[in-house]
Amino acid sequence: MAESSTVTVSIENAIATVTLNRPHKRNAMSPTLHVEMAEVLEKLRYEPTSRVVVITGAGESFCAGMDLKQFFMELENNPPEFDRIYRIATEWRYRTLRYYPKPTIAMVNGYCFGGAFSIVEGCDLAFAAKEATFGLSEINFKHYPGGSVSKSMANLLRPRDALFYAMTGRPFKGDRAKEIGFINEAYPLADLKREVMELASEIATKDPDALAACKDGYKFSLEMSSEAAMNYSAAKSDQLTLRQKGSWRSEGIGDFLQGKYRPGLGGHEKAGG
Ligand code: COA
């Protein structure tokens, strides 16, 4: 895939690694980065060789949040452009990632502040270096977790933790991020990439339509009544059957019933053939 200036993409073994690439600015999200990230996610959505998307940062930082200079200062007197970038910035982190058809993993390799929390929350899974530093730093510059960040926090964190970090701006490390449920696991930085790529490879072996249904079933049902969710789930199952041409029955269950593999102990690839 063609690379943009502030975001790079590499695809290897069915895993697309998307790297925020402004290391000299700690990968703060400039207006250009937001536009390019939206374009990259749109291209990867339909890109056939990648099955899982991993988002990380170049250098020692994951993402230092919004580019405070280019977004808040330089666009202060340009409301139409501010609104345009604001919409793109919230769109890709909050909506595009949330309802993305491919599994997404945040790999937090270093600093993760403010607006970057919405990237982590928007991804399906998140892993961080134990050494990484997180912070809802907005309060420290007399602001608050604006844009999509407050809602992202409300989605994921317990009220006590969300408000504690939003009101103090205190930084915390990877282990604490795991403890409060913001990430799945923290690893030593030296092991982070290997661990994440191993997991991404495992997920890449699963049926892509079934993975998309996993995500939709969970994420859309959060916002539905129970009755609507049951109905949606039944319809989703029919959609999955259609898209897979019924292979979850014929191969998934069929190969189990023929004794070729045990779904309780591993994936269908163990059935061979
Ligand atoms: N917006 C704009 N520029 C930023 C930035 C941000 N969020 N974060 C870092 N930068 C820039 C710095 O201004 C500096 O630019 P310069 O070299 O032109 O002076 C460069 O990135 C390096 O930053 P520096 O502070 O020197 O690096 P550091 O490693 O000592 O500290 C941070 C890194 C991330 C702890 C610190 O830069 C910081 O606190 N940034 C703000 C984080 C924040 O509050 N983000 C929330 C935004 S919603």
Side-chain angles (χ1 to χ4, degrees), residues 4-8 18-38 55-79 81-97 106-123 126 128-157 161-177 180 182-183 186 189 192:
S4 51
S5 61
T6 61
V7 183
T8 64
V18 175
T19 305
L20 307 183
N21 189 36
R22 300 184 72 220
H24 56 295
K25 297 286 182 187
R26 306 300 180 261
N27 304 320
M29 295 177 285
S30 61
T32 302
L33 184 144
H34 285 300
V35 170
E36 293 185 343
M37 193 65 182
I55 300 179
T56 192
E60 292 167 11
S61 179
F62 173 68
C63 173
M66 293 298 267
D67 188 308
L68 298 173
K69 180 165 175 273
Q70 288 193 28
F71 183 64
F72 290 108
M73 305 300 275
E74 292 176 3
L75 298 185
E76 184 185 3
N77 298 316
N78 189 350
E81 184 61 2
F82 182 90
D83 288 356
R84 186 178 82 86
I85 299 301
Y86 184 97
R87 189 184 59 75
I88 294 169
T90 47
E91 184 84 19
W92 77 261
R93 286 170 302 156
Y94 198 82
R95 186 177 289 118
T96 306
L97 283 179
M107 182 165 76
V108 183
N109 52 306
Y111 288 130
C112 178
F113 291 112
F117 274 51
S118 276
I119 308 176
V120 177
E121 189 267 339
C123 288
K130 284 175 182 283
E131 297 91 330
T133 302
F134 294 80
L136 287 169
S137 51
E138 293 91 335
I139 195 72
N140 292 336
F141 58 88
K142 299 175 175 252
H143 206 251
Y144 79 105
S148 55
V149 181
S150 282
K151 180 64 175 160
S152 292
M153 296 303 90
N155 288 341
L156 202 54
L157 297 184
D161 294 321
L163 285 173
F164 179 86
Y165 288 110
M167 294 196 303
T168 63
R170 280 193 200 171
F172 55 94
K173 293 290 188 183
D175 282 331
R176 181 68 183 148
I180 65 176
F182 189 49
I183 59 168
L189 179 60
L192 178 67

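Excluded from the calculations below are hydrogen atoms, water molecules and symmetry mates; all remaining heavy atoms, backbone and side chain alike, are included. Order of listing sets the numbers, starting from 1, for every ligand and every atom in it.
- Summarising the geometry, atom OH belonging to Y111 is positioned 7.0 Å from atom CZ belonging to R26; distances are rounded to the nearest 0.5 Å.
- Counting only distance, with no hydrogens or angles, the side chain of D67 and the backbone of M29 share no donor-acceptor pair below 3.5 Å.
- D161 has its side chain within reach of R176: a pair of non-hydrogen atoms, C-beta onward, lies under 4.5 Å apart.
- Proximity of a side-chain donor or acceptor of N109 to a complementary backbone N or O of A58 within less than 3.5 Å is not detected.
- Remark: atom 47 (C) of ligand 1 lies closer than 4.0 Å to at least one protein heavy atom.
- The nearest protein heavy atom to atom 16 (P) of ligand 1 is closer than 4.0 Å.
- Per-residue contacts place L68 under 4.0 angstrom from the following atoms of ligand 1 (heavy atoms of the residue considered): 1 (N), 2 (C), 6 (C), 7 (N), 47 (C).
- Any N or O atom pair closer than 3.5 Å counts here, and S137 shares at least one such pair with ligand 1.
- In this comparison of F71, F113, Y111, F117, the heavy atom closest to atom 33 (C) of ligand 1 sits on Y111.
- Under the 4.0 angstrom criterion, atom 25 (O) of ligand 1 counts as lacking any protein heavy-atom contact.
- Residues L20 and I119 are in side-chain contact: their nearest non-hydrogen atoms beyond the backbone lie under 4.5 Å apart.
- Counting heavy atoms under 4.0 Å from ligand 1, residue A64 touches it through both backbone and side chain.
- Remark: the backbone N or O of L75 is not paired with any side-chain donor or acceptor of E81 at under 3.5 angstrom.
- Between G114 and ligand 1, a contact under 3.5 Å exists for no N or O pair.
- Relative orientation of the F117 and F172 rings is perpendicular, given thresholds of 30° and 60° on the angle between their planes.
- The nearest protein atom to atom 29 (O) of ligand 1, hydrogens excluded, is given as R26 NE, 2.9 Å; this is a heavy-atom distance.
- Distance remark: protein heavy atom not present below 4.0 angstrom from atom 13 (O) of ligand 1.
- Atoms of ligand 1 found under 4.0 Å from any heavy atom of G115 (numbered from 1 in listed order, with element): 48 (S).
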One pair to check against side chain to side chain contact (heavy atoms under 4.5 Å, CB included): I139 and M167. What are the steps and the verdict?
CA-CA 6 Å; I139 195 72; M167 294 196 303; 5.6 Å; no
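- Note that atom 36 (C) of ligand 1 has no protein non-hydrogen atoms nearby, at separations under 4.0 angstrom.
- For ligand 1, the atoms lying closer than 4.0 Å to a non-hydrogen atom of H24 are 20 (C), 21 (O), 22 (C).
- Proximity of a side-chain donor or acceptor of T96 to a complementary backbone N or O of E91 within less than 3.5 Å is detected.
- Numbered from 1 in the order shown, with element, the atoms of ligand 1 that lie under 4.0 Å from a heavy atom of A28 read 1 (N), 5 (C), 6 (C), 7 (N).
- For atom 9 (C) of ligand 1, the nearest non-hydrogen atom from the set K25, M29, M73 comes from K25.
- Ligand 1 has F141 within reach: a non-hydrogen atom of the residue lies less than 4.0 Å from it.
- Per-atom contact check: atom 19 (O) of ligand 1 does not touch the protein, criterion being a heavy-atom distance below 4.0 Å.
- Considering backbone and side-chain atoms alike, E138 places every N or O at 3.5 Å or more from each N or O of ligand 1.
- Outside the 6.0 Å centre-distance limit, the rings of F62 and F134 are not counted as a close aromatic pair.
- Annotation: side chain of K173 is in contact with side chain of T133 (closest heavy-atom distance under 4.5 Å).
- When distances from atom 40 (N) of ligand 1 to the protein are checked, no heavy atom turns up under 4.0 Å.
- Counted within 6.0 Å of CD on Q70, heavy atoms from surrounding residues, nucleotides or ligands total more than 12; the atom is thus considered enclosed.
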